[in-house]
Every structure is written in structure tokens, then in C-alpha cells.
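Shown next, in C-alpha cells, is the structure this report addresses.
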Amino acid sequence: MLRLRPYKACDAQEIAAWIKSEYAFRMWSADRYDKYPITPDDMNAYYNKYGNSGQIWGMTAFDESGIVGHLTMRFPKDGCLDEVRLGFVIVDNLKRGKGYGKEMLLLAIQYAFNFIKVSKISLGVFENNTAAINCYKSCGFKTVKREITESYQCLGEVWNCIEMEIVR
């Protein structure tokens, strides 16, 4: 049975080890970190910088075997507590394809709707990340059209984002 709890600094060691290539790293973080590979100190510095301000908080998924996934939640608009945005969604690379990602996301959705009391949960995903897109769709997320497509320069290519949301 999967559970969700607040991120702890000691989680960074394991989470950072799941990212096995720069491609996977950029899929996970876009340009939010300056360099690959990420270290546990880099990850904790990010949370210390943004988490202490209340802008973002990390959540860690775990079961009897230990931690299996991680994601962030944040309010994307200053002063607006009606929407939570998910980010940095990752599952232990040895446990992918076994339903952990979907279960973790369903817990996060339940947490956001029932505890934080938002009416919308949003996220962005690169269009070349089909496994993640399929997972998000299986959780009830729908693609949303944007006037301007968000794009990032990653590994010498332009990666476009797909905006997705689920509304209560």
C-alpha cells in the first residue's frame, strides 16, 4: 500500500540516484537545475530556497520497501489558493511500469482536493514523454490548449510542453 508524506532531506540521496541520464534528468526537471548530475545537496538547496518561502513543497511516496516516488506541489499564482501545480514527478526507475506513478498521483490528487481544498490541479509535461502523458491521462488529467506553447532548450533540441489539468 502506497502512502504519501512530506519530503525529508534524507530522501534526496535515493531520489537523485533514480536519474540515470541527462535526458531523464531534463525530462524530470527541465531547466530548474543548472547541472547534471544532480546531487542530494543540490536537491535540498532547491527545497531550502523555495520551500522555506512556502512557494513549493515536496511529497514523497513510500511503501514497506522504502521510498518509491516523489513530486512537488505549489500554488502557481500568488495569493490564489484555488489551484495546485504538480511538478518534479518521478518514480524509482526500478519500479516504473508497475502502477506506482499512477497510485502516487491519485494520492496527490486526493490530498490536493480533500486537504488543500483546491478546485484545480495542473501540470506541464514534455510532449516527448509519452509514458508520463499516458499516466496522467489514466489519473483523469485532460490536455488544455494554451495560447502560447511553453518550450525549453534541452540537449540541443526544443522540447514543447503539454498543459494538463484535472478539475473538481
Side-chain angles (χ1 to χ4, degrees), residues 1-20 24-30 32-33 38-77 80-126 129-144 161-168:
M1 172 156 91
L2 204 61
R3 298 165 193 257
L4 202 58
R5 64 159 170 78
Y7 168 84
K8 296 187 278 188
C10 61
D11 297 339
Q13 188 74 38
E14 248 181 285
I15 296 166
W18 297 339
I19 305 166
K20 302 294 187 190
F25 174 67
R26 293 296 166 203
M27 279 283 186
W28 174 68
S29 68
R32 300 303 189 251
Y33 288 95
I38 188 176
T39 67
D41 288 341
D42 294 333
M43 195 169 180
N44 287 322
Y46 182 89
Y47 284 121
N48 288 337
K49 180 178 180 180
Y50 296 106
N52 290 338
S53 68
Q55 292 176 319
I56 191 168
W57 61 97
M59 302 295 283
T60 299
F62 67 100
D63 65 9
E64 64 281 345
S65 69
I67 68 169
V68 299
H70 173 71
L71 55 81
T72 60
M73 302 176 110
R74 67 181 172 91
F75 295 115
K77 298 172 189 155
C80 179
L81 304 180
D82 201 40
E83 177 183 351
V84 160
R85 187 156 182 89
L86 303 181
F88 289 157
V89 178
I90 189 168
V91 172
D92 179 343
N93 55 307
L94 298 176
K95 297 186 179 192
R96 290 188 188 143
K98 298 179 181 177
Y100 285 96
K102 181 176 181 177
E103 191 174 353
M104 176 178 69
L105 286 163
L106 290 173
L107 287 171
I109 291 165
Q110 182 180 30
Y111 181 84
F113 283 146
N114 298 332
F115 184 71
I116 305 173
K117 305 287 188 195
V118 298
S119 62
K120 180 168 81 170
I121 304 165
S122 63
L123 59 84
V125 59
F126 287 121
N129 194 345
T130 54
I133 293 166
N134 291 335
C135 182
Y136 299 142
K137 285 181 178 178
S138 75
C139 293
F141 284 89
K142 306 284 186 219
T143 301
V144 177
C161 278
I162 295 172
E163 181 72 13
M164 300 184 85
E165 67 181 31
I166 187 168
V167 179
R168 184 186 281 261

Check salt bridge (Lys or Arg N to Asp or Glu O under 4.0 Å) between [X] and all other residues, then give those that pass, not counting sequence neighbours.
X      : value
Glu103 : none
Lys20  : none
Asp42  : Lys35
Glu14  : none

| Pairs involving residues 89-109, ordered by first then second residue, that meet ring pair (Phe, Tyr, Trp, His ring centres under 6.0 Å) (sequence neighbours left out) |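 Non-adjacent pairs meeting ring pair (Phe, Tyr, Trp, His ring centres under 6.0 Å): zero.
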
| field | Any residue meeting ring pair (Phe, Tyr, Trp, His ring centres under 6.0 Å) with Trp18, in chain and number order, not counting sequence neighbours | value |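 Once residues adjacent in sequence are excluded, Trp18 has no partner under the ring pair (Phe, Tyr, Trp, His ring centres under 6.0 Å) criterion.
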
| Qualifying residues under ring pair (Phe, Tyr, Trp, His ring centres under 6.0 Å), relative to Tyr50, sequence neighbours excluded |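 Partners of Tyr50 by the ring pair (Phe, Tyr, Trp, His ring centres under 6.0 Å) criterion, ordered by chain and then number, come out as Tyr46.
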
| Can you find a pair of side-chain heavy atoms, one from Cys139 and one from Ile166, that are under 4.5 Å apart? |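 Cys139 vs Ile166: side chains apart.
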
| field | Plane angle bin for His70 and Trp28 - parallel if under 30°, tilted between 30 and 60°, otherwise perpendicular | value |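 If you compare the ring of Trp28 with that of His70, the planes turn out tilted.
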
| field | Main-chain N/O of Ala131 paired to Asn134 side chain as donor or acceptor, under 3.5 Å | value |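 Such a contact is absent between Asn134 side chain and Ala131 backbone.
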
side-chain contact (heavy atoms from CB on, under 4.5 Å) with [X]: which residues, sequence neighbours excluded?
X      : value
Phe62  : Arg3, Arg5, Ile67
Cys135 : Lys102, Leu105
Arg168 : Phe113, Asn114
Lys49  : none

Report the distance from atom [atom1] of [X] to atom [atom2] of [Y], rounding to the nearest 0.5 Å.
X      : Y      : atom1 : atom2 : answer
Leu2   : Leu107 : CG    : CG    : 5.5 Å
Tyr111 : Met59  : OH    : CE    : 4.5 Å
Ile90  : Thr60  : CD1   : OG1   : 11.5 Å

| message | Filter on salt bridge (Lys or Arg N to Asp or Glu O under 4.0 Å), then keep only pairs touching residues 80-100, sequence neighbours left out; what's left? | response |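 Non-adjacent pairs meeting salt bridge (Lys or Arg N to Asp or Glu O under 4.0 Å): Lys77-Glu83, Glu83-Lys120, Arg85-Glu163.
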
| task | Check the pair Met164 / Val125 against side-chain contact (heavy atoms from CB on, under 4.5 Å), numbers first and verdict last. | result | CA-CA 8 Å; Met164 300 184 85; Val125 59; 3.9 Å; yes

